[in-house]
Number of protein chains: 2
Amino acid sequence: MSGKSASFPFHIESYTCDFTEKATLFGICGYILDAASRHAEENGFGYAHILKDKVAWVLSRLSIKMDAYPAFNRTVGIETWVEGVDRFFTRRCFCIRDEDGAVLGYARTIWAAINIETRRPTDIPAWRPDLAEYIMPEKECPIEKFAKIPPVEEVEPSMGYSVRYSDIDINKHMNSIKYIEHIVNVFDLAQFRDKIIRRFDIVYLAEGVFGDKLKLYKRDISENESLIDTRRGEESVCRSRIIWE
Amino acid sequence: MSGKSASFPFHIESYTCDFTEKATLFGICGYILDAASRHAEENGFGYAHILKDKVAWVLSRLSIKMDAYPAFNRTVGIETWVEGVDRFFTRRCFCIRDEDGAVLGYARTIWAAINIETRRPTDIPAWRPDLAEYIMPEKECPIEKFAKIPPVEEVEPSMGYSVRYSDIDINKHMNSIKYIEHIVNVFDLAQFRDKIIRRFDIVYLAEGVFGDKLKLYKRDISENESLIDTRRGEESVCRSRIIWE
């Protein structure tokens, strides 16, 4: 039992850093999902608990806004809490702090509870009315709500990849974090030297599986903003927006 | 100061696991390099210390033999020590243990000390005679010595990739561990369901950089043994041997 809100420490190892000696965006997002899992686990609604009901949490959306990225060998604390429970989605928030407690960024995630046999969403309040006890609607998460991300059309793909072993997660689908790693890989190395990813949004629309051939379509909205659509044929598997600063 | 031999704990997070809920080979190899860095750092011959002499440690070879892979949410201890110091190479060994102290595997790595301006190897005993004080030649590391890995010729490439942002390490070269991730990705998912990687050997021959287009050439020696040559054009960047069981 860790209570309504809990913080989990993560030590920034070299393999979570890029050439700037800071943790990568997808490294931080990995910590976020890990903190979410641990908090749910400690409070009786983790993957293992809900599997008994043939239900699994599926990440639907993620928004993250970072003021700065933590450096190699430092420790971050990821605080997480449930902001709200709607009929088919829960909203979980995160605050990322450095060792001294200074805020580095915030994130908000949206989760569906999918029946693992029918793959249909579960009516969450009907299934687990007790989750209402965990919500903290009053706790501030100062990151703007997720805005709709349009598809990217009428451009040539910037990059393509096949879904391989290291892309696959415990549920045998494409790992949510690996999509993000591939997405940031469409940018040139110089971009990461000169700027940081200030905000990143992603919506997951379909589940990639081993062997899928995915293509990334990128449209630059302005000098510092791009949309990246990851598609399997005509179908968007996930759509993302990236804002640099 | 951690002494001649030291052990470092690593908690197995979900993002280090594959679909079998065990840590991946390249996840364990990441821990190994991290343990090596920390041990060197604590004893005055880490990256930061030797940079003053314009010298950097460069991984030349790695051999790892695993009896079993640790599961999600467990903790492993990686013990490391220097087995020997030769003129141009040091040999560093590792023992990987589970939470109860049972041995999961062993590894041996070979490192050169490269002058970062001339890129030439440094005569290690002449440069740092004090390293002799750290060697533990008597400590057992029961993994057979590294055997020469021949090039793979006269086959079509199994896979290719461009070196992108997430492949690049702090030194702006291709990350040693990322080569391993791409190498294991030549295998089908079913292989990882039915077998484990019992032994893996890799020799690094050249430094990949951003934008390199690499191709993987695989030759099956037997049902459970393959050679995989990662090439940039005609040049081998690294060669590896993988043994399944």
**Asked** Can you name the residues that form a side-chain hydrogen bond (donor to acceptor under 3.5 Å, both in side chains) with D98(B), not counting sequence neighbours?
**Response** none
**Prompt:** Counting N and O atoms only, with roles assigned by atom type, does the side chain of D212(B) sit under 3.5 Å from a partner on the main chain of L214(B), one being a donor and the other an acceptor?
**Reply:** no
**Request:** Please state whether the side chain, the backbone, both or neither of I177(A) comes within less than 4.5 Å of a heavy atom of chain B.
**Result:** neither
**Prompt:** Relative to each other, are the rings of Y161(A) and H182(A) parallel, tilted or perpendicular (30° and 60° limits)?
**Reply:** parallel
**D169(B) portion near chain A, given a 4.5 angstrom heavy-atom threshold** = backbone
**Message:** Is I168(B) in contact with chain A via its backbone, its side chain, both, or neither, using a 4.5 Å heavy-atom distance?
**Reply:** both
**Asked** Do the two ring centres, one from F19(B) and one from F210(A), sit under 6.0 Å apart?
**Response** no
**Asked** Measuring heavy-atom distances to chain A, does H11(B) have an atom under 4.5 Å in its side chain, in its backbone, in both, or in neither?
**Response** side chain
**Asked** Is chain B contacted by the side chain of D188(A), its backbone, both, or neither, given a heavy-atom distance below 4.5 Å?
**Response** both
**Parallel, tilted or perpendicular: ring planes of Y31(A) versus F10(A), cut at 30 and 60 degrees** = parallel
